[in-house]
K.L.:
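Okay, here's the structure, questions in a sec.
In listed order, ligands and their atoms are each counted from 1. Keep in mind that what you see is a predicted model, and the values were worked out from it rather than measured.
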Amino acid sequence: MRFDIITIFPGFFSSTLEYGILSRAIGTGQVEVAAHDLRGFTHDRHRTVDDRPFGGGEGMVLKPEPIFDAVSSLGISPKAERDCSRETVILLSAQGRPFTQALAHELARMERVVIICGRYEGVDERVNEMLCDQEISIGDYVLSGGELAAAVIVDAVVRLLPGVLGNPDSARFESFGADDVAEPKDGVTGPPRTTHGSGGLLDYPHYTRPADFRGTTIPEALTSGNHEEIRLWRRRMSLQKTMQNRPDLLEGTLLSEADKRVLRELRASDKRRHDLIDK
Ligand code: SAM
């Protein structure tokens with residue numbers, strides 16, 4: 001897989017690519033990441049990449065010509081002929097569709113991903129209309145440029161590539177992980193097969209040594225040595241974290257009857273706690 005990032009700050013990426021899983025994946029040739037200087041595709045003495053917005057208003061806008069030239073220098077097919085299951089051109093924008101783990105999985109199936117980083121007030125909209133397949137936002141906030149967003153996307157996608165994580169199950173058994181359900185029976189999908197395949201929930205809490213840190217000990221279930229007890233505790237904690245921090249995720253998660261029972265218990269004890277506070 002190859003990422004090409006178009007940016008006015010190519011040096012930004014040198015440090016982000018030098019560490020951990022990403023650096024290892026680049027070292028083993030599982031992924032290539034190249035950052036291209038947009039100013040290298042200008043033709044004037046000042047290497048101008050931006051201009052004032054039509055209609056007036058604040059700030060400057062990235063011009064279309066250097067971006068089109070940069071993308072065509074990469075040998076990517078024109079938009080009308082592009083096989084979007086193999087290659088894609090992304091515009092980073094706060095107005096884009098949200099970047100999620102599901103979208104990271106989609107991108108991990110590509111052979112080539114081109115990412116255009118905006119700056120200033122943004123990018124001439126014709127880049128989006130004529131050159132890009134998708135406009136992606138990494139969250140509901142405004143960054144000063146697309147570089148951090150590009151680094152986030154590259155990192156999240158690369159760790160999903162086959163062979164990049166030491167243990168291939170790691171990407172399934174973590175927050176927003178793949179469903180881990182029993183085979184469908186009579187057309188009906190079964191309940192979660194294990195209780196620690198996250199199936200779209202948030203991850204459960206993790207602990208390591210020492211078992212007693214400054215008087216706070218780890219949950220007893222984790223030292224029981226009883227695998228079933230550990231599994232149930234972890235599932236309960238995943239459900240609890242998701243209920244507390246991201247209840248919206250519960251809507252799209254396949255829940256077993258046991259999960260639903262745990263959620264009812266958690267909600268009831270939450271209510272009792274709130275009632276006590278209100279008294
Ligand atoms: N005027 C734009 C708006 O209000 O949506 C903000 C432009 S922002 C200052 C400059 C660039 O940062 C954008 O063109 C985009 O490439 C990048 N950017 C900002 N927020 C982003 C986000 N949430 N996700 C992805 N890219 C973002």
K.L.:
Which ligand 1 atoms are under 4.0 Å away from a heavy-atom of V142?
P.N.:
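Answer, ordered by atom number: 6 (C), 8 (S), 9 (C), 20 (N).
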
K.L.:
Taking both backbone and side-chain atoms of C117, is any N or O found less than 3.5 Å from an N or O belonging to ligand 1?
P.N.:
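In fact, backbone or side chain, C117 has no N or O that close.
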
K.L.:
Backbone, side chain, both or neither: what part of Y120 comes under 4.0 angstrom of ligand 1, heavy atoms only?
P.N.:
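The answer is the backbone of Y120.
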
K.L.:
Let me confirm one number: the CE-CZ distance from M130 to F68, rounded to the nearest 0.5 Å.
P.N.:
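Spacing of CE (M130) from CZ (F68) equals 4.0 Å.
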
K.L.:
Look at E174 together with R159 and state whether they make a salt bridge at an N to O cut-off of under 4.0 Å.
P.N.:
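The answer is yes: the pair qualifies as a salt bridge.
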
K.L.:
With the threshold set at 4.0 Å, does a side-chain nitrogen-carboxylate oxygen contact exist between D275 and R272?
P.N.:
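So D275 does not pair with R272 through a salt bridge.
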
K.L.:
Counting from 1, what ligand 1 atoms have a heavy atom of G146 closer than 4.0 Å?
P.N.:
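Matching atoms, with element in brackets: 12 (O), 16 (O), 17 (C).
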
K.L.:
Picking from I6, I115, N128, what satisfies side-chain contact (heavy atoms from CB on, under 4.5 Å) with L91?
P.N.:
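Exactly one pass, corresponding to N128.
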
K.L.:
Could you list the donor-acceptor pairs under 3.5 angstrom formed between side-chain atoms of residues 57-67 and any protein atom two or more places apart in sequence or on another chain?
P.N.:
none

K.L.:
Who's closest to atom 2 (C) of ligand 1 heavy-atom-wise, of E121, E135, E147?
P.N.:
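The nearest heavy atom belongs to E121.
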
K.L.:
Of all the atoms in ligand 1, which lie at a distance below 4.0 Å from a heavy atom belonging to G122?
P.N.:
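Per the distance check, 14 (O).
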
K.L.:
May I ask you to check if ligand 1 and L143 share an N or O to N or O distance below 3.5 Å?
P.N.:
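Yes, L143 has an N/O under 3.5 Å of an N/O on ligand 1.
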
K.L.:
So which protein heavy atom does atom 24 (N) of ligand 1 come closest to, and at what separation?
P.N.:
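Looking only at protein heavy atoms, the one closest to atom 24 (N) of ligand 1 is I138 N, 3.0 Å.
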
K.L.:
Does the distance from a Lys or Arg side-chain N to an Asp or Glu carboxylate O, for D37 and R39, drop under 4.0 Å?
P.N.:
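Salt bridge flag = no for R39 with D37.
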
K.L.:
How does I136 reach ligand 1, if at all, at less than 4.0 Å between non-hydrogen atoms: by side chain, backbone, both, or neither?
P.N.:
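It is the backbone that touches ligand 1; the side chain stays farther off.
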
K.L.:
Please determine which of E125, E135, Q134 meets the side-chain hydrogen bond (donor to acceptor under 3.5 Å, both in side chains) test together with S93.
P.N.:
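Result for side-chain hydrogen bond (donor to acceptor under 3.5 Å, both in side chains) with S93: E135.
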
K.L.:
Using residues 78-87 as the side-chain source, report each donor-acceptor pair under 3.5 Å to any protein atom, sequence neighbours left out, with the distance given to one decimal.
P.N.:
{"from": "K79", "atom 1": "NZ", "to": "E129", "atom 2": "O", "distance (Å)": "2.9"}
{"from": "K79", "atom 1": "NZ", "to": "C132", "atom 2": "O", "distance (Å)": "2.7"}
{"from": "R82", "atom 1": "NE", "to": "S77", "atom 2": "O", "distance (Å)": "3.0"}
{"from": "R82", "atom 1": "NH1", "to": "L131", "atom 2": "O", "distance (Å)": "2.9"}
{"from": "R82", "atom 1": "NH1", "to": "D133", "atom 2": "OD1", "distance (Å)": "3.0"}
{"from": "R82", "atom 1": "NH1", "to": "D133", "atom 2": "OD2", "distance (Å)": "3.0"}
{"from": "R82", "atom 1": "NH2", "to": "S77", "atom 2": "O", "distance (Å)": "3.1"}
{"from": "R82", "atom 1": "NH2", "to": "L131", "atom 2": "O", "distance (Å)": "3.2"}
{"from": "D83", "atom 1": "OD1", "to": "S85", "atom 2": "N", "distance (Å)": "3.0"}
{"from": "D83", "atom 1": "OD1", "to": "S85", "atom 2": "OG", "distance (Å)": "2.6"}
{"from": "R86", "atom 1": "NE", "to": "E111", "atom 2": "OE1", "distance (Å)": "3.2"}
{"from": "R86", "atom 1": "NE", "to": "E111", "atom 2": "OE2", "distance (Å)": "3.3"}
{"from": "R86", "atom 1": "NH2", "to": "E111", "atom 2": "OE1", "distance (Å)": "3.3"}
{"from": "E87", "atom 1": "OE2", "to": "S77", "atom 2": "N", "distance (Å)": "3.4"}
{"from": "E87", "atom 1": "OE2", "to": "S77", "atom 2": "OG", "distance (Å)": "2.7"}

K.L.:
Could you list the atoms of ligand 1 found under 4.0 angstrom from a heavy atom of G139?
P.N.:
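Per the distance check, 23 (N).
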
K.L.:
Once you restrict to heavy atoms under 4.0 Å, what part of A149 touches ligand 1? Side chain, backbone, both or neither.
P.N.:
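Looking at A149 and ligand 1, just side chain atoms fall under 4.0 Å.
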
K.L.:
Within this structure, what is the CG-CE distance for the pair L202 and M243, rounded to the nearest 0.5 Å?
P.N.:
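If we round to the nearest 0.5 Å, L202:CG and M243:CE are 12.0 Å apart.
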
K.L.:
Of all the non-hydrogen atoms in the protein, which one sits nearest to atom 16 (O) of ligand 1, and at what distance?
P.N.:
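Of the protein heavy atoms, L92 O, 2.7 Å lies nearest.
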
K.L.:
Hey, which atoms in ligand 1 end up nearer than 4.0 Å to a heavy atom of Y141?
P.N.:
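Ligand 1 atoms under the 4.0 Å threshold to Y141: 20 (N), 22 (C), 23 (N).
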
K.L.:
Does the pair K241/D203 count as a salt bridge with the N-to-O cut at 4.0 Å?
P.N.:
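Salt bridge: no.
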
K.L.:
Specify the protein heavy atom at minimum distance from atom 26 (N) of ligand 1: its residue, its atom name, and the distance to 0.1 Å.
P.N.:
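Looking at atom 26 (N) of ligand 1, the protein heavy atom closest to it is S93 N, 3.5 Å.
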
K.L.:
What's the shortest distance from atom 3 (C) of ligand 1 to any protein heavy atom, and which residue and atom give it?
P.N.:
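The protein heavy atom lying closest is Q95 NE2, 3.5 Å.
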
